[in-house]
Protein chains: 2
Amino acid sequence: MPALGFQPHDHSRCVSDALAEAEARCARDRLQFTPVRRRVFEILLQEHRALGAYEILKTLSDEGLGSQPPVAYRALDFLVKAGLAHRIERLNAYIACSHLTGSHAPAFLICRNCKGVAETDVQIDDWANGPFASAPGFHVERVALEAEGLCAACLETKETDGPTA
Amino acid sequence: MPALGFQPHDHSRCVSDALAEAEARCARDRLQFTPVRRRVFEILLQEHRALGAYEILKTLSDEGLGSQPPVAYRALDFLVKAGLAHRIERLNAYIACSHLTGSHAPAFLICRNCKGVAETDVQIDDWANGPFASAPGFHVERVALEAEGLCAACLETKETDGPTA
DNA sequence: CCGGATTTGTTATAATGTAACCACACCCGG
DNA sequence: CCGGGTGTGGTTACATTATAACAAATCCGG
């Protein structure tokens, strides 16, 4: 499975950078970056793709860090709330945030063939004043923007296949 | 549960209109608008809110139209593919399309308090040139845009509560 | 009315997610 | 030191959502 951001990059570097940033951010915000939470974040970073809670749980279990679903879900909830990871609604899966610096408005590109996920931040003004302008009175707190399609690599190898086949 | 589009409207009218439009569309596209599919669509229209597959299945079961999950899921898949309904990823639920005329680019406003869902079409014709311009080569086929927050009514009655509690 | 394609019925099970309760560690004020 | 409050983790048990697989019925063009 290719995954990644559909682009080559220095992987070992982005893992260590993200860990350092997470440490710093949790220290600043008085959040406890406990072993379980740290390990879950590491797993997400290392795999660099969307992982189901039970996939993560399997790894935790193999390492003796917890064997029951709540352990994984609690750690994931923490990471999501802390802005360190995102939940991909379309896949019921989780992925490490790919740009910890700055604020949030994540958008995801999901390849339906290789299941790879790329995160690309959008400018909040783009949609806050656009799509939802016609809903006066509604107070938007969070937005999920997820596009499904084919990544460049899969387009080449499967371009004869239909979209929703 | 208020639900609806957070706005008053002529409900009996929108149900019958949508049914007629669905009939016409299926006839045109040579799709079989079978009793189960029609009934599921009716249920979605009548409730006018996001319904889980098992909620729908319960109604079908009460009416002797099928009692096992695949019956509901298949009908829902049909409706979604036909553009008659949408799946709300965030809620694992389904809702009738609220504007059958014209093409698609649905966006949803989900009230986290009353669970109401409003659909509001987005005008973006070419997603690749909008939020996803930074992902060259990716071929977008479908986009889910879901905003979570508080509707106007719930804002008034719960304005002291925090966002993610 | 034949024959392929589609739709439906059914069984069984997989995958995802939560409620509730207890134990532990830590901090902090008394 | 002690005792309560808070946050975290471990565990049991269960709820919810979804699909695979296969057989039977139905539809529809030719």
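Predicted model, so just to flag it, every value in this text is computed and none were measured. Numbers restart at 1 for each chain; the letters A, B, ... are given by sequence-line order, proteins then strands.
Here the side chain of A/Glu156 pairs no donor or acceptor atom with the backbone of A/Ala153 at under 3.5 angstrom. The main-chain N or O of B/Leu76 is never found under 3.5 Å from a side-chain atom of B/Arg37 such that the two would form a donor-acceptor pair. No side-chain donor-acceptor contact under 3.5 Å links A/Glu148 to the backbone of B/Arg142.
A close approach under 4.0 Å does occur between a side-chain nitrogen or oxygen of A/Asn92 and OP1 or OP2 of C/dG17.
Using cut-offs of 30° and 60° for the angle between ring planes, the B/His11 and B/His48 rings count as tilted. Between A/Phe33 and A/Phe41, the ring planes are perpendicular. Angles over 60° get that label, and only those under 30° would be called parallel.
When rounded to the nearest whole Å, the span between CD of B/Glu89 and P of C/dG17 equals 12 Å. Residue A/Ile56 contributes atom CD1, which lies 13 Å from atom C1' of C/dT16 at whole-angstrom precision.
Where DNA chain D meets chain A (any atom under 4.0 Å from a heavy atom), the bounding nucleotides read 5' to 3' are D/dG7 to D/dT12.
By the 6.0 Å contact criterion, CZ on B/Arg13 is open, its count of non-hydrogen atoms from other residues, nucleotides or ligands being 12 or less.
When each of A/Ile56, A/Val15, A/Ile95 is checked for a side chain to side chain contact (heavy atoms under 4.5 Å, CB included) with A/Leu44, only A/Ile56 meets the rule.
Within the model, atoms SG of B/Cys154 and CZ of B/Arg112 stand 9.0 Å from one another, a figure rounded to the nearest 0.5 Å.
B/Arg87 and B/Glu146 are not joined by a salt bridge, as no carboxylate oxygen comes within less than 4.0 angstrom of a charged side-chain nitrogen. Residues A/Lys58 and A/Glu55 are not paired through a salt bridge, judged by the lack of any N-O separation under 4.0 Å between the basic side chain and the carboxylate.
In this structure, A/Arg87 reaches the sugar-phosphate backbone alone: every heavy-atom distance under 4.0 Å involves primed, P, OP1 or OP2 atoms, never a base.
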Practice task
At under 4.0 Å between heavy atoms, which parts of nucleotides 4-10 of chain C does protein reach? Answer with one letter per nucleotide, 5' to 3': B base, S sugar-phosphate only, - none.
Solution key: --SSBBB
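Axis angle, first five pairs versus last five pairs of the helix from C/dC1-D/dG30 to C/dG30-D/dC1: 30°, rounded to 10°.
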